[in-house]
Amino acid sequence: MKYDYDLFVIGAGSGGVRAARIASLAGARVAVAEEYRIGGTCVIRGCVPKKFLVYGAEFSQMLADAPGYGWTVGAASFDWPTLRDNVQREVTRLSGIYTTNLAKAGVTAFEERADLVDAHTVRLAKSGSEFTAERILIATGGRPYLPEGLPGLQFGISSNEAFLLEKFPERVLIVGGGYVALEFANIFHGLGSKTRIVHRGDKLLRGFDEDLRVHMHIEAERGGTQLTMKSTLTQIERVSGELRATLSTGEHVDTDVVLFAIGREPHTAGLGLERAGVKLDEAGAVIVNEFSQSSVESVYAIGDVTNRFNLTPVAIRDGHAFADTIYNQRPTPVDHSSVPSAVFGRPPIGTVGLSEADARRSFDAVDIYRTSFRPMRNMLAGNPERTLMKIVVDAKSGKLLGVHIAGEDAPEMIQLAAVAVKAGLTKQQWDSTMALHPTAAEELMREKVSGPSSSA
Ligand SMILES: Cc1cc2nc3c(=O)[nH]c(=O)nc-3n(C[C@H](O)[C@H](O)[C@H](O)COP(=O)(O)OP(=O)(O)OC[C@H]3O[C@@H](n4cnc5c(N)ncnc54)[C@H](O)[C@@H]3O)c2cc1C
């Protein structure tokens, strides 16, 4: 045979594992290399462990809400090693399932780093072995971006280390204003840390709908997270056993942990892509066409390393579509429109489709339906947290363009709202569905929530 394998996948994360399994089950001879742990970012140090920590953090609010419902709550305390180790045990279990599923599908897994020698050859870093493959799939994901050159950077951590902290921090300083920053602020604050976000922008969550951004700012502060906007870190020092961060305003902040959550970059450095002639964009992402094929015929890329929509279900869909296209003779381009996403902050966000600002840029006239209220659950509890719901509609066709929710269960609601947006339903069709009472979601079904309040 001309090549050692039909397909060599680099990276056993969400996308790589799916592509490898489907290709192998279709009859291809497939190998995969993983330099850290099989399962990738989502399973090992992303979505999964994060969601468990979010669940853990939610208990503090439930305990605070309980007396309004007649409960007397005794002295409650939180033990970080218990939560951390339980989460890690579950992560290890899931990683094991991924490993087993690869083996069951007949995929050969190498648990070491790999790079490209040329457009058909992969080299394993530890063993030095080289393998040829008809096609190579780059599925190396992304990694936390760090402010290289910042004095004292070595005292900071990224989300990778946050899951494994030896000791639970009394104080946490989070640098960044994206979804990872907000989620870790929710986690640490909910588990009992004094939490502060420092962000160079004037608002959190760039790219999200403006009303959501304002709402989350208000709710984060109301909940007790300190927000310092338009500010950056200029150095970190270790002073008598604790960390001292200096802000661009000159303020010194004493803290136990500095967590950088200032974005992620495609994991392409040192992969040898230049040796194969694979073109990257200015962010270092592999440039691909709608079938995930790079500028080199035999090299494909999927998931976060292509920096299209950096979410697990997208990486999985990319991987499956690639395998179907090549090995099941079913050409399948991936449609990256109307991808729902969530932010597990306090309150959580669920969002799909266009923000109001993006809709106004693309459509002549836009109707906005918006409501903000204290959900029923919070009334007896005396909990001031508010929910925001917003629907963006094309005024001419009546089609739903976007749905944005910040409130309890918003991620659960938005998964289904995404069906309506993706299917191109109209607001009239949406409204013709009977509401379900008593729920928070029924507020989305009001014929006229508070609008149409404006059109341009
Ligand atoms: C803190 C955090 C929270 C997140 N929360 C969510 C969420 O709630 N929902 C959601 O949908 N997404 C979430 N994500 C994003 C999600 O994790 C990614 O979109 C997803 O994992 C991308 O899958 P992938 O296959 O492209 O890459 P990854 O899952 O990152 O897999 C890439 C793999 O390649 C390996 N690798 C890299 N280079 C090499 C090499 N040279 N040789 C061998 N192996 C290599 C890496 O070790 C890694 O295991 C989160 C991410 C983070 C960091």
Side-chain angles (χ1 to χ4, degrees), residues 8-20 31-54 91 94-95 98-99 109-116 122-126 136-145 157-163 174 176 178-187 259-273 284-286 288 292 300-320 322 339-345 348-351 411 414-415:
F8 202 109
V9 181
I10 304 183
S14 307
V17 166
R18 176 60 66 92
V32 61
E34 169 55 52
E35 70 172 346
Y36 185 55
R37 291 176 70 187
I38 289 178
T41 304
C42 180
V43 174
I44 309 293
R45 44 197 183 183
C47 341
V48 172
K50 170 200 78 185
K51 188 78 187 284
F52 279 122
L53 296 187
V54 167
V91 162
L94 293 172
S95 177
Y98 274 71
T99 307
F110 298 101
E111 299 207 33
E112 57 178 302
R113 184 174 168 78
D115 64 5
L116 266 66
V122 168
R123 175 176 48 208
L124 296 179
K126 240 191 300 170
I136 296 170
L137 179 65
I138 310 297
T140 51
R143 60 179 173 182
Y145 179 78
I157 61 168
S158 73
S159 57
N160 286 351
E161 293 76 39
F163 296 107
I174 298 174
Y179 84 92
V180 174
L182 208 58
E183 292 182 336
F184 274 100
N186 175 28
I187 289 166
L259 167 58
F260 289 102
I262 52 176
R264 293 177 62 79
E265 55 186 354
H267 201 163
T268 49
L271 255 186
L273 291 169
V286 180
V288 290
S292 298
Y300 290 72
I302 52 164
D304 283 13
V305 77
T306 62
N307 205 14
R308 289 176 286 185
F309 228 111
N310 298 335
L311 292 169
T312 287
V314 177
I316 292 173
R317 192 64 77 84
D318 284 354
H320 205 125
F322 157 78
V339 175
S341 70
V343 179
F344 294 94
I349 288 179
T351 176
I414 216 70
Q415 174 70 81

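Remember, it's 1-based here, ligands and their atoms both numbered in the order they're listed.
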J.: Ignoring hydrogens, just give me the one of Glu183, Arg45, Glu34, Arg308 whose non-hydrogen atom is nearest atom 33 (C) of ligand 1.
T.: Glu34
J.: Kindly give the heavy-atom pair with the smallest separation between Ile414 and Pro340, and that separation in Å.
T.: CG2-CB, 4.2 Å
J.: Parallel, tilted or perpendicular: which fits the ring planes of Phe110 and Phe8, with parallel below 30° and perpendicular above 60°?
T.: parallel
J.: Looking at atom 34 (O) of ligand 1, what's its closest protein heavy atom, distance included?
T.: Gly11 CA, 3.2 Å
J.: Under a 4.0 Å heavy-atom limit, does Arg264 contact ligand 1 with its side chain, its backbone, both, or neither?
T.: side chain
J.: Can you name the atoms of ligand 1, numbered from 1 with element, that are less than 4.0 Å from a heavy atom of Leu271?
T.: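 So the answer, numbered in order with elements, is 41 (N).
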J.: Could you tell me the separation between the OH atom of Tyr179 and the CZ atom of Phe184, rounded to the nearest 0.5 Å?
T.: 10.0 Å
J.: Using a 4.0 Å heavy-atom cut-off, say whether Ile10 meets ligand 1 through its side chain, its backbone, both or neither.
T.: side chain
J.: Take every heavy atom of Asp115, measure it against each atom of ligand 1, and state whether any distance is under 4.0 Å.
T.: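 Flag not set, Asp115 not near ligand 1.
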J.: For the side chain of Ser95 and the backbone of Ile38, is there at least one donor-acceptor N/O pair under 3.5 Å apart?
T.: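 At least one qualifying donor-acceptor pair exists.
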J.: Give the residue, atom name and distance (to 0.1 Å) of the protein heavy atom nearest atom 25 (O) of ligand 1.
T.: Gly15 N, 2.8 Å
J.: Hey, does Ala114 come in under 3.5 Å of ligand 1, counting only N/O atoms on both sides?
T.: yes
J.: Which pair of non-hydrogen atoms, one from Arg143 and one from Ala269, has the smallest distance, and what is that distance?
T.: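 Nearest pair, atom of Arg143 first, then Ala269: NH2-CB, 3.4 Å.
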J.: Measuring from atom 15 (C) of ligand 1, which candidate in Phe163, Tyr179, Phe184, Phe344 has the nearest non-hydrogen atom?
T.: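 It is Tyr179 that holds the nearest heavy atom.
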J.: Identify, by atom number and element, the atoms of ligand 1 in contact range of Gly303, meaning under 4.0 Å from any of its heavy atoms.
T.: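 Every atom of ligand 1 under 4.0 Å from some heavy atom of Gly303: 26 (O).
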J.: For Asp304 and ligand 1, does the shortest N/O to N/O distance drop below 3.5 Å?
T.: yes
J.: Please find the pair of heavy atoms, one from Val180 and one from Ser159, that lie closest to each other, and give the distance.
T.: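 For Val180 and Ser159, the tightest heavy-atom pair comes out as CG1-CB, 4.2 Å.
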J.: For ligand 1, which is the ligand I care about here, please tell me if Thr41 has any N or O atom under 3.5 Å from one of the ligand's N or O atoms.
T.: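 Such a contact does occur with ligand 1.
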J.: So which bit of Arg113 gets within less than 4.0 Å of ligand 1, heavy atoms only: side chain, backbone, both or neither?
T.: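 Under 4.0 Å from ligand 1, Arg113 contributes backbone and side-chain atoms.
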J.: Could you tell me which atoms of ligand 1, counted from 1 in the order shown, lie closer than 4.0 angstrom to a heavy atom of Pro313?
T.: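 Ligand 1 atoms under the 4.0 Å threshold to Pro313: 11 (O).
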J.: Counting heavy atoms only, which part of Ala139 comes closer than 4.0 Å to ligand 1: side chain, backbone, both or neither?
T.: backbone
J.: Determine yes or no for a side-chain-to-main-chain donor-acceptor pair under 3.5 angstrom, with Asp318 supplying the side chain and Ser292 the backbone.
T.: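 Between the backbone of Ser292 and the side chain of Asp318 there is no qualifying donor-acceptor contact (under 3.5 Å).
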J.: Validate the cation-pi geometry between Arg45 and Tyr36: distance from NZ or CZ to the six-membered ring centre under 6.0 Å, angle to the ring axis within 45°.
T.: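 Geometry flag: set, cation within 6.0 Å and 45°.
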J.: Does the side chain of Val91 come within less than 4.5 Å of Arg37's, by heavy atoms?
T.: yes
J.: Using a 4.0 Å heavy-atom cut-off, say whether Glu35 meets ligand 1 through its side chain, its backbone, both or neither.
T.: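 Contact part for Glu35 vs ligand 1: both backbone and side chain.
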J.: For Arg264, I'd like to know if atom CZ has over 12 heavy atoms of other residues, nucleotides or ligands within 6.0 Å.
T.: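 Result for CZ/Arg264: enclosed.
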J.: Indicate yes or no: does an N/O atom of Ala315 lie under 3.5 Å from an N/O atom of ligand 1?
T.: no
J.: Side chains of Pro144 and Asn160, heavy atoms from C-beta outward: is any pair under 4.5 Å?
T.: yes
J.: Considering only protein heavy atoms, which is closest to atom 13 (C) of ligand 1, and at what distance to one decimal place?
T.: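 Checked against all protein heavy atoms, atom 13 (C) of ligand 1 sits closest to Cys47 SG, 3.3 Å.
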J.: Less than 4.5 Å apart, side chain to side chain, heavy atoms only: is that true for Val343 and Thr351?
T.: no
J.: Please could you name the atoms of ligand 1 that Asn310 approaches to less than 4.0 Å, counting only its heavy atoms?
T.: 15 (C), 19 (O)
J.: Do Val305 and Thr268 make a side-chain contact, defined as non-hydrogen atoms from C-beta onward lying under 4.5 Å apart?
T.: yes
J.: Who gets closest to atom 17 (O) of ligand 1 by heavy atom: Cys42, Gly46, Gly13?
T.: Cys42
J.: Which atoms of ligand 1 are found less than 4.0 Å from any heavy atom of His267?
T.: 37 (C), 38 (N)
J.: For ligand 1, indicate whether the residue Val314 contacts it via side chain, backbone, both or neither (heavy-atom separation under 4.0 Å).
T.: neither
J.: Which heavy atom of the protein is the closest neighbour of atom 7 (C) of ligand 1, given with residue, atom name and distance?
T.: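 Scanning the protein heavy atoms, the shortest distance from atom 7 (C) of ligand 1 goes to Lys50 NZ, 3.3 Å.
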